Amino acid sequence: MGIHLLSASHSNRGLNDVAAASVAVPAILDAHLAEGALDGAILLSTCNRVEILVDSESFPSALVDDLPGVRALSGVDAAEHLFRVACGLDSMVVGEREIVGQVRRAADEAGRKGRLTPSLSRLVQSASAVSRRVAAATGLAGRGRSIVEVALAIAEESLGPLRGLSAVLIGTGSYAGASVAALRDRGVADIRVHSASGRAEAFSEGHGTRPVGPRELPKALVGADLVLACRGTGQPVLSAADLDDAMSARRGRRLVILDLALRPDIAPAETLPEGIRRIDLDAVAKRLPEVEHSELEAAERIVARAVRDFAHESEGHGVDAAVVELRARVDAVLEEETAALAHLAPAERERAARALRHFAARLLDVPCRRARAAVADGNAAGYLEGIDLVLGIGGNGR
């Protein structure tokens, strides 16, 4: 199986390293795809992880060399990691449900760019199915909260219950929809959205919020109780001067800012005017909810079964491909030998050709039957090893 995964996330790298990777990866990945070094690729970039799922016959060592510090996995190990990510088992907030949607959207984006191979598509579909099984069979989805929900709980320590308050959302990316839902769950009905890229109106039409243009943003900041930023472009949307002007007009009213982008959207806390509390991903990481051990064990068992099933299915695809290649080789030899009969009389030539075809069918019968038995018995890997060793088919001999 030519599936490989390169990972930089909160669990194996610091958030600063993940932020650096999120900047560098897109251009590097584009270059390797343009060179034809990869058959396909999916890029998943969120507020705390960068995952590159690659389809290539050989290990993408050149890509790994260009991205020092990433964790590299292949085959079944890559599938297992993606399954755990999609189930929320590798999330900062264990059990979060947003991540599986982000995985699917990343695959959709790869499809639009012509980078989604059948193998990658099957893997993402399997990951989505595993996520659904974990959500249905365990209480993780109910116990685990999203990063936004944890951040809002911290905000309530300063603001009290959020019901009836107003919020300004900055950014319309993949996390913005989850942010609107989390705000509404806490009773925040007045939600205004600002997008420096001009997408606020389209986003608001689909989410029932109110768009805020650049000229309206200062006034919106004056009236808001809470600002939630999830844009993450690396260029601060709100400077200390912007917020100083807003605080001067607020006449002592406190303002809480949730800066949940991997690359901060808001000026550093030490430069902000008095009266502002800034809550970032590091603050959220220190306040994550605990999950019962039994729930985690149940989820891990589901993932382990799914990994075994996926490995079995993948090996079955490998056996199918090996049998197809074996038949193609025998057909090619048969065609050559039949062509060599041209000097014979037509009737004699047909008898000889029929005998050759019968011999080829008898020759293929045993390896084809053994292939089906190997898949059924779970010994596909042994079959592939044997046919590669003897005939150079289905493995390194190709």
Side-chain angles (χ1 to χ4, degrees), residues 45-47 88 91 93 95-109 112 128 131-132 135 141-142 144-156 158-233 237-238 242-243 246 250 253-262 265-266 277-279 281 284:
S45 183
T46 74
C47 65
S91 297
V93 182
E96 68 159 326
R97 295 293 298 147
E98 287 81 3
I99 185 63
V100 67
Q102 292 170 324
V103 171
R104 287 194 294 262
R105 285 191 291 273
D108 290 343
E109 179 65 17
R112 284 190 290 272
S128 295
S131 177
R132 289 193 296 271
R145 295 182 293 171
S146 70
I147 289 173
V148 173
E149 289 171 323
V150 175
L152 290 177
I154 300 174
E156 286 181 329
S158 297
L159 297 173
L162 302 183
R163 181 170 298 278
L165 300 186
S166 62
V168 172
L169 177 65
I170 297 177
T172 56
S174 59
Y175 223 71
S179 299
V180 170
L183 287 166
R184 288 215 172 99
D185 283 346
R186 278 180 157 75
V188 180
D190 182 10
I191 304 173
R192 308 184 187 210
V193 179
H194 171 73
S195 171
S197 59
R199 290 193 287 263
E201 289 192 7
F203 179 89
S204 292
E205 285 180 7
H207 293 81
T209 57
R210 288 197 283 175
V212 175
R215 294 182 179 179
E216 301 166 309
L217 183 58
K219 183 178 179 181
L221 292 175
V222 172
D225 300 291
L226 178 71
V227 174
L228 198 159
C230 53
R231 185 166 174 258
T233 62
V237 180
L238 297 178
D242 295 330
L243 292 168
R250 290 173 66 87
R253 286 175 53 232
R254 295 200 65 184
L255 177 65
V256 173
I257 295 177
L258 309 184
D259 191 356
L260 304 183
L262 188 56
D265 286 322
I266 311 299
R277 182 182 183 186
R278 179 178 178 271
I279 299 167
L281 286 175
V284 171

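Starting from 1, each residue takes its place in the sequence as its number. None of these values were measured; they are calculated from a predicted model.
Shown here for Ile279 and Ala151, the closest heavy-atom pair between the two residues is CD1-O, 4.3 Å. The shortest heavy-atom contact between Ser204 and Val193 is OG-CB, 4.0 Å. Closest approach of Val148 to Ala182, counting heavy atoms only: CG1-CB, 3.6 Å. Of all heavy-atom pairs between Ile154 and Val284, the closest is CD1-CA, 4.2 Å.
If you take CG on Leu228 and CG on Asp259, they are separated by 9.0 Å, rounding to the nearest 0.5 Å. In this structure, CZ in Arg192 is found 13.0 Å from CG in Leu169, a value given to the nearest 0.5 Å. Expressed to the nearest 0.5 Å, how far CZ of Arg199 lies from OG1 of Thr172 amounts to 4.5 Å. Atoms CD and CD, on Gln102 and Glu109 in that order, are 14.0 Å from each other to the nearest 0.5 Å. Taken from OG in Ser179 to CD1 in Ile170, the straight-line distance is 11.5 Å, to the nearest 0.5 Å. Rounded to the nearest 0.5 Å, atoms CG (Leu258) and CG (Leu281) are 10.5 Å apart.
Inter-residue side-chain proximity for Ile257 and Leu243 is flagged as met; some heavy-atom pair is nearer than 4.5 Å. Under the 4.5 Å side-chain criterion, counting only non-hydrogen atoms from C-beta, Arg184 is in contact with Thr209.
Without hydrogens or angle criteria, Arg104 side chain to Asp108 main chain gives no donor-acceptor distance under 3.5 Å.
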Point to revise | Worked verdict on Arg277 versus Leu159 for side-chain contact (heavy atoms from CB on, under 4.5 Å) | key: CA-CA 10 Å; Arg277 182 182 183 186; Leu159 297 173; over 6 Å; no
Could you pull out every donor-acceptor pair under 3.5 Å between side chains of residues 211-226 and any protein atom, sequence neighbours left out?
{"unit_1": "Glu216", "atom_1": "OE1", "unit_2": "Gly213", "atom_2": "N", "d": "2.7"}
{"unit_1": "Asp225", "atom_1": "OD1", "unit_2": "Arg253", "atom_2": "NH2", "d": "3.2"}
{"unit_1": "Asp225", "atom_1": "OD2", "unit_2": "Ser166", "atom_2": "N", "d": "2.9"}
{"unit_1": "Asp225", "atom_1": "OD2", "unit_2": "Ser166", "atom_2": "OG", "d": "3.4"}

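Open room surrounds CD on Glu201; 12 or fewer heavy atoms of other groups in view lie less than 6.0 Å from it.
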